[in-house]
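Here is the structure we will look at, set down as structure tokens.
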Amino acid sequence: MDQLVVRGGQRLEGAVAIAGAKNAALPEIAACLLSAAPLTLLNLPALSDVDTMLALVAQHGVRVERGPARVTLDAGEANGTGAPYDAVRRMRATVLVLGPLLARFGRARVSLPGGCAIGARPVDLHLKALSALGAEVSLEGGLVLAEAPAAGLRGARVVLALPSVGATETAMLAATAARGETEIVNAAREPEVADLAACLRAMGARIEGAGTPRILVEGGRPLGAARHEILPDRVEAGTYAVAAAITGGRLELTGARLEHLASVGAALEAAGVQLWPGDRGLVVERAGPLRPVDITTEPYPGFPTDLQAQFMALMATAEGTSLIRETVFENRFMHVPELARLGANITLRGTAAAVRGGAGLRGAPVMATDLRASVCLVLAGLAAEGETTVNRVYHLDRGYEALDRKLVRCGARIERRPG
Ligand code: EPZ
């Protein structure tokens with residue numbers, strides 16, 4: 001397993017190209033199953049999670065034609081057979097093929113995704129949404145079995161118990177094939193949900209309100225060929241904004257959109273970081289001292305859980321104590337003991353972490369546990385004195401395109417050692 005060796009103390013300076021959003025690319029790849037006509041996705045990020053999703057739809061008979069930062073998906077010959085467990089075990093987002101398979105073929109068999117490092121991550125809300133549209137849903141031997149009525153799915157009101165991103169996407173995907181109108185209430189408002197809706201509209205679907213808590217879908221119309229450009233990845237952009245802040249540097253994040261980072265931008269500014277729209281993207285600079293800032297993770301537009309670990313690394317180097325509360329996932333503090341190995345002073349109290357910054361960080365070997373925790377350790381290593389070795393870097397490659405190369409180009413001293 002590869003490892004990254006980071007030698008800290010370099011101020012980062014330069015431009016970073018922000019790639020297409022992983023969490024939009026994954027549902028949009030699944031969306032190709034809805035139609036017999038080809039779907040071309042542009043600005044496709046080069047990530048192992050994208051490879052996993054493409055391999056999965058290919059196992060369902062989709063013809064996959066990849067180009068530079070793009071893919072054309074032709075589901076004309078696709079079939080509705082079940083998704084083998086290994087793909088689903090590796091990445092829970094593969095459950096997103098459930099809605100499209102049910103919508104297109106009237107039935108679906110998908111392995112029930114196990115939990116993952118950050119929490120149990122059930123899919124009960126996905127299944128309730130499909131039942132509301134008329135599907136018979138059952139669980140058997142670790143498989144989800146879903147069957148549409150002979151007359152097909154029908155539009156309905158889907159009320160989500162919580163604004164789940166995945167459940168909102170499953171409901172929207174399936175609703176495109178449900179005759180009549182579907183109303184999704186308490187929908188997730190993440191930009192990736194709105195981007196999926198834009199992709200489905202390009203395919204011919206009638207969807208309004210995506211990005212708000214109430215989404216309306218007029219279903220039952222056949223979907224056609226489409227091209228869609230994936231929006232930039234706000235989590236990648238936020239990660240590099242922290243890289244600029246933690247090294248006291250200045251980065252221009254080309255392609256990043258400030259409006260998608262609003263709550264993160266506000267927290268960074270409160271910490272003494274400057275952000276402004278440049279001519280090619282978002283400029284992030286930190287010149288003065290870092291101040292402690294309290295944050296609570298929430299569904300969009302609140303502070304994103306996917307940037308909590310990165311912000312904690314930053315707060316570990318600020319002058320003072322900050323309180324970081326995680327309300328979205330039940331176990332998303334596994335980076336805390338690893339940050340402590342670098343000298344961070346963090347006390348956990350249930351869903352809150354008190355981060356006492358001020359003392360400098362010192363390099364050490366650390367272990368990545370999940371995608372965002374792994375990048376938090378690289379960020380801490382950029383600020384630590386000496387050498388930090390981050391192990392299990394495959395977590396990083398799931399969600400960050402060429403992270404080490406992008407940072408080295410801005411002055412970081414990082415070496416990838418094949419493991
Ligand atoms: C999406 O996961 C993202 N993944 C996650 O990013 C992100 O952290 C999460 O949304 C929250 O923003 C993709 O989009 C592929 P949820 P998802 O359903 O859809 C509970 C990353 O690092 N829940 O909004 O799985 C769930 O347990 C990943 O890129 C249910 O109880 O998140 C969690 O506590 C990590 N029942 C909360 O809702 C359900 O049926 C939010 O989960 C579904 C979810």
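Predicted, not measured: the structure shown is a model, and the values here were computed from it. Order of listing sets the numbers, starting from 1, for every ligand and every atom in it. Throughout, numbering of the chain's residues begins at 1 and tracks the sequence.
Inclusion of A93 in the set of residues having an N or O under 3.5 Å from an N or O of ligand 1 is not warranted. Residue contacts with ligand 1: P163 is placed with no nitrogen or oxygen under 3.5 Å of a nitrogen or oxygen of the ligand (distance criterion only). Considering backbone and side-chain N/O atoms, D306 comes within less than 3.5 Å of an N/O atom of ligand 1. For E330, no nitrogen or oxygen atom sits less than 3.5 Å from a nitrogen or oxygen atom of ligand 1, counting backbone and side chain alike.
When H335, R372, R325 are each tested for a side chain to side chain donor-acceptor pair (under 3.5 Å) with Q308, only one passes: H335.
Other residues, nucleotides and ligands contribute at most 12 non-hydrogen atoms within 6.0 Å of the CZ atom of R63. Heavy atoms from other residues, nucleotides or ligands lying under 6.0 Å from CD of E269 number more than 12. No more than 12 heavy-atom neighbours from other residues, nucleotides or ligands sit within 6.0 angstrom of CD on E77. Crowding of R413 atom CZ: a count of heavy atoms from other residues, nucleotides or ligands under 6.0 Å exceeding 12. Other residues, nucleotides and ligands contribute at most 12 non-hydrogen atoms within 6.0 Å of the CD atom of E136. The 12-atom threshold is not exceeded at CZ of R405, counting heavy atoms of other residues, nucleotides or ligands nearer than 6.0 Å.
Ion pairing between E192 and K22 fails under the 4.0 Å rule for side-chain N and carboxylate O.
For K128, no heavy-atom contact with ligand 1 is shorter than 4.0 Å. Within the 4.0 Å heavy-atom criterion, the part of R372 lying near ligand 1 is the side chain and not the backbone.
The closest approach between R92 and ligand 1 falls below 4.0 Å for a heavy atom of the residue. For R332, the heavy-atom gap to ligand 1 drops under 4.0 angstrom.
Within the listing of ligand 1, atoms 40 (O) sit less than 4.0 angstrom from a heavy atom of H126. Near G166, the atoms of ligand 1 lying under 4.0 angstrom from a non-hydrogen atom of the residue are 18 (O), 19 (O). Atoms of ligand 1 lying under 4.0 Å from any heavy atom of L162, numbered from 1 in the order shown and given with element: 38 (O). Counting atoms of ligand 1 from 1 in the listed order, those under 4.0 Å from a heavy atom of L125 are 36 (N), 39 (C), 40 (O).
Here the closest heavy-atom approach between residue V57 and residue L73 is recorded as CG2-CD2, 4.4 Å.
Using a 4.5 Å cut-off on side-chain heavy atoms (C-beta onward), R286 and L268 make no contact.
With atom 43 (C) of ligand 1 as the reference point, the heavy atom nearest to it among P304, G399, A167, P122 is part of P122. Taking all heavy atoms of V193, N331, T305 into account, the minimum distance to atom 11 (C) of ligand 1 is reached by T305. Here atom 12 (O) of ligand 1 lies nearest to V165 when heavy atoms of V123, V165, V235, L47 are compared. Considering only non-hydrogen atoms, atom 37 (C) of ligand 1 lies nearest to V328 out of V328, T168, D49.
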